[in-house]
K.L.:
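To start, I am sharing the structure in question, which I have written as structure tokens.
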Amino acid sequence: MSNAAIRRIGVLTGGGDCPGLNAVIRAVTKTAIIEYGLEVLGIEDAYLGLLEDRVRPLGRNDVSNILTLGGTILGTTNKVNPMKYRTGTDADGHPIIADVSDRAAATCRKHGIDVLVCIGGDGTMAASYGMQRHGIPIVGVPKTIDNDLMCTDVTFGFTTAAQTATDALDRIHTTAMSHHRIMLVEIMGRNAGWLTLHAGLAAGADIILVPEIPYTVESIAQAYRRRAEQGKKFTIIAVSEGAAPREGEQIGEITDDPVEPLRLGGISEILARQVADKTGAETRATVLGHVQRGGTPCAYDRVLATHFGSAAMHLAAAGNWGRMVAMQEGRITSVPLEAVAGQQRLIPANHPLLAVARHTGVSFGDEEA
Ligand code: F6P
């Protein structure tokens, strides 16, 4: 389909919210209207809105004054993938999971949506890739505070979240110093340690624990003792929610979410007790939680989100569907959806920041004495 053949686009936000979503919605909508003269429909609550036919027009006034606003004016959910949708429970109380993509595609057709712009993480890209195979043209925009999407150097929302976590670590620093304590700060990121690594480095954390590098409590205790020998009376540990010991598992709760049942969380409390037992030091844990996802995007994320949104609209108008916009080596480009769908980008063992951290005395809890 050429530019001239498109009349109407749909836009949805999927997965966990993150700073910059509204900036993307605004950029997509404005570019569609100003540059291409298209109509825009907003889908409420991600794919749920397509399943429940909750769709509303977006005009220029609807996206006024939302550039700086956190969250998403369209609403979101991270539990709905039309290909794995919970339709009810069977006689034994087990969830019935069905592929209802046809229903979502039918809503698109009913509203004359020619292209669907999907703003989300790997789960949303997987669902969107499925929709594309059901004949709905898709353009993706990479969102997540976790920064764990394949084929893009950065996702919008990450930089804001890293700053929020850094601010929190800075505050923990002063109270740790006053009380001569070991302070653990639990940081989001799922199975990827990007957020913890960046915030930990930015705030000068002494120990950084990420999912990609299994730790031992003994190694953490040794790092604490080395600091104590140098006269340092406190230690800051930035720990990813997905970090796990060398011989052990991630900590979390199994939920009824058919797409991602393990909800990570709780490692800092457990580890705080173990570290206190090993070192005899007074230890406290702080879980930053959803504070990291809320609030206004920083300047970098506002610009990135606007750039991504506008670029997505250009792809949509040019008939370049089945692709996600991406940032590679400082340039905006696009990559096939299938290269991103359901994949997670973890910190590679040779990432330069890991070496930088080690060279500046950071422990990853994996060093042997
Ligand atoms: O993917 C973003 C994220 O904030 C993760 O870092 C975290 O594990 C998860 O979402 C939390 O999800 P929920 O909002 O469902 O608690």
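Each ligand, and each atom within it, is numbered from 1 in the order the structure gives. Atom set for the values below is all heavy atoms of this structure, side chains included, hydrogens, waters and symmetry mates excluded. Small disclaimer: the values here were computed from a predicted structure and weren't measured. Position 1 is the first residue of the sequence, and the numbers go up from there.
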K.L.:
Looking only at distances, please establish whether an N/O atom of ligand 1 is found under 3.5 Å from an N/O atom of E241.
P.N.:
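Yes.
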K.L.:
If you measure from atom 16 (O) of ligand 1 to every heavy atom of R263, H290, E260, K143, which option wins on shortest distance?
P.N.:
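Among R263, H290, E260, K143, the closest heavy atom to atom 16 (O) of ligand 1 belongs to H290.
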K.L.:
In the protein, which heavy atom is nearest to atom 15 (O) of ligand 1, and how far is it?
P.N.:
N78 ND2, 3.1 Å
K.L.:
Does the pair E241/R263 count as a salt bridge with the N-to-O cut at 4.0 Å?
P.N.:
no
K.L.:
Using a strict cut-off of less than 4.0 Å between a Lys/Arg side-chain nitrogen and an Asp/Glu carboxylate oxygen, indicate whether D206 and R226 qualify as a salt bridge.
P.N.:
no
K.L.:
Out of curiosity, is G189 lining ligand 1, as in a heavy atom under 4.0 Å away?
P.N.:
yes
K.L.:
On the ring face of F156, is R302 found with NZ or CZ under 6.0 Å from the centre and within 45° of the axis?
P.N.:
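No.
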K.L.:
Within a distance under 4.0 Å of any heavy atom of R190, pick out the atoms of ligand 1 and give their elements.
P.N.:
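Near R190, the atoms of ligand 1 are 5 (C), 6 (O), 8 (O).
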K.L.:
Do me a favour and list the nearest non-hydrogen protein atom to atom 3 (C) of ligand 1 with residue, atom name and distance?
P.N.:
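Of the protein heavy atoms, R293 NH1, 3.5 Å lies nearest.
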K.L.:
Please determine whether a side-chain nitrogen of the Lys or Arg among R56 and D62 lies less than 4.0 Å from a carboxylate oxygen of the Asp or Glu.
P.N.:
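No salt bridge links R56 with D62.
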K.L.:
Got V335 and Q328 here, is their nearest side-chain heavy-atom distance under 4.5 Å?
P.N.:
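Counting from C-beta outward, V335 and Q328 do come under 4.5 Å.
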K.L.:
Are any of the side-chain nitrogens in R331 or E329 under 4.0 Å away from the carboxylate oxygens of its partner?
P.N.:
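No, no charged N to carboxylate O under 4.0 Å.
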K.L.:
For I145, take its heavy atoms, then give the atoms of ligand 1 lying under 4.0 Å from any of them.
P.N.:
4 (O)
K.L.:
Is there a heavy atom of L264 sitting under 4.0 angstrom from any atom of ligand 1?
P.N.:
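Under 4.0 Å: no for L264.
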K.L.:
I need the nearest protein heavy-atom contact for atom 2 (C) of ligand 1: residue, atom name and distance, please.
P.N.:
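The protein heavy atom lying closest is D146 OD2, 3.3 Å.
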K.L.:
Do any nitrogen or oxygen atoms of M188 lie less than 3.5 angstrom from nitrogen or oxygen atoms of ligand 1?
P.N.:
no
K.L.:
Determine the sole option in Q344, R190, R345 for which the side chain to side chain donor-acceptor pair (under 3.5 Å) test with D148 is passed.
P.N.:
R190
